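Report on the structure given below.
Throughout, protein chains are lettered first and strands after them, A, B, ... in sequence-line order, and every chain is numbered starting at 1. Since we're looking at a predicted model, the values are computed, not measured.
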Amino acid sequence: MRQDRRDTAAGIEVDLRADVRAGVEERLRRALPEVVAPVPALGGVLKRAVRAGQRRIRRRRIGAAAAATSFVGLAVLLTVTLPGAGGALSTQQLSPVATPSTVPTTAPVTPPAPAYSTPPAASPEELAQRASELAVQFNQALATAVPGWAPAYGEPLLDTSGSHIGWLFTATDPSTPLTRLSVSLTSSGAGASPDDDACRARAETSCTQRTLADGTVVISGLGDLGTEDADGVPVTSTPPFAVAAMPGRLIDARSVILGSDDTPGIGSVLPPGSPLTTSALEALVTSPELTDMPLP
Amino acid sequence: MSREDFSTWAEVASPQLYRIARLLVLDAHAAEDLLQDALEKVFAHWSRVDEPDAYARRVLANAANSRWRRHGRRRETSWEERQDAGTSHPQVSPHAGVEERLDLIGDLASLPVRQRAVLALRYLEDRSEQEVADLLDISVGTVKSQTSRALTRLRHLAPAPAPAPAEGTRS
């Protein structure tokens, strides 16, 4: 173990001997085709992809039409509202069949819904912009729950079909050890709730589950992250995690202690006094900023 | 380009795209899912895609990376599992080829998705560093560093050096 650590520190990771490198390359060229064989019949995959692609194109067209319609509707409302005195509108102005004998009355006009409440067919750029705006809201909660932690950036979460399903906020704190906190907010199915004993399925180092007064289920504890360093030395770290499940929403906060190259560092532990604790993450995933954050 | 063009292209391209997907996610069913997602995206953008082969590979790599990111952490294996998959295997076995393959899959699973993507394009498709960089939309330097890190982590795959001839041996 000690020798392996010295090797890593000495930079052997980037100084692979030419003959060893050539040997590994040759082995990969020979073995990779075997690893990925056999190739199954892919006709079904192709058919399903075409059908899904057609649905995607239809959704895009409908989304574009809906966006255009809402824009026209908004424009009409604004056009109609503006000539009215004090933001009010007479029924005569509204109704082309109003007779001159009708007594003019005024009624307040319901303001048009904000433009961002019509999200269909949001472009990747729009989603990215929205995520960065929501990161401000997220960082307020982060600063309260995990004081001193580096601020997060936000990005949209997409499922494999490209549909927008939520937001991901990532905050990597540069202090030692380098640690990354990732918090995802996703729409969960209506009525979906974790099992009575979700901890049993998680196989974490430690895990507790409780239900808050408002029905939110909170699962939290210490993770069990096992991998190897560049020299094949087993590395285990036990960073905290917390999950809050509520109707229609799942908030999942987890952390990874990093070494270099996005891999867990050797002997990774959070130092005593680190603000990143299980209770801090519980506070974060149940904070109003996150429980009220708009979801797709 | 028409839908018929897409079908013709996809029938030819799918087997190799599946192999890449398989290497990216290391699971046959997940690879089919990944391939289907990629083909769906190519189909939806078919009229605007100039180079479908390159576009499909980029989509595959990005989709695999997103899957990994959504899970929040790399694929994890217990030490016991690693032992079972690799070092605990006997040195001599009638099923050595199968075990070797399983060991390699276990080794590849320990790599980040991006490194697996680079390996797939470099050593499965035998593409140059520049081609890989263009396909994955990253710099050549990143391709080199990712390749180097991956090879270093897999360096035990190199054949053991031939034993030196014993001194004093007479022919």
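Neither the backbone nor the side chain of B/Gln16 has a heavy atom closer than 4.5 Å to any heavy atom of chain A.
Minimum heavy-atom separation, A/Leu46 to B/Ala10: CD1-CB, 3.3 Å. Nearest heavy atoms, A/Ala49 versus B/Leu39: CB-CB, 3.5 Å. For the residue pair A/Ala31 and B/Leu104, the shortest heavy atom distance occurs at CB-CD2, 3.4 Å.
The choice from A/Ala22, A/Pro33, A/Pro40 that makes the most heavy-atom pairs within less than 4.5 Å of chain B is A/Pro40.
B/Leu17 contributes atom CG, which lies 9.5 Å from atom CG of A/Leu42 (distance to the nearest 0.5 angstrom). Distance check: B/Leu119 CG to A/Arg29 CZ gives 11.0 Å after rounding to the nearest 0.5 Å.
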**OP:** Output, in order, the C-alpha distance, side-chain angles, deciding distance and verdict of side-chain contact (heavy atoms from CB on, under 4.5 Å) for A/Arg21 and B/Arg155.
**Re:** CA-CA 7 Å; A/Arg21 179 183 172 118; B/Arg155 65 173 179 266; over 6 Å; no

Subject >> Pair A/Val45-B/Asp33, side-chain contact (heavy atoms from CB on, under 4.5 Å): steps then yes or no >> reply: CA-CA 8 Å; A/Val45 171; B/Asp33 289 345; over 6 Å; no

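B/Glu32 has its side chain within reach of A/Arg48: a pair of non-hydrogen atoms, C-beta onward, lies under 4.5 Å apart. A 4.5 Å side-chain heavy-atom check between A/Leu28 and B/Leu151 finds at least one atom pair inside the cut-off. Under the 4.5 Å side-chain criterion, counting only non-hydrogen atoms from C-beta, B/Tyr123 is not in contact with A/Val24. Residues B/Tyr18 and A/Val36 are not in side-chain contact: their nearest non-hydrogen atoms beyond the backbone lie 4.5 Å or more apart.
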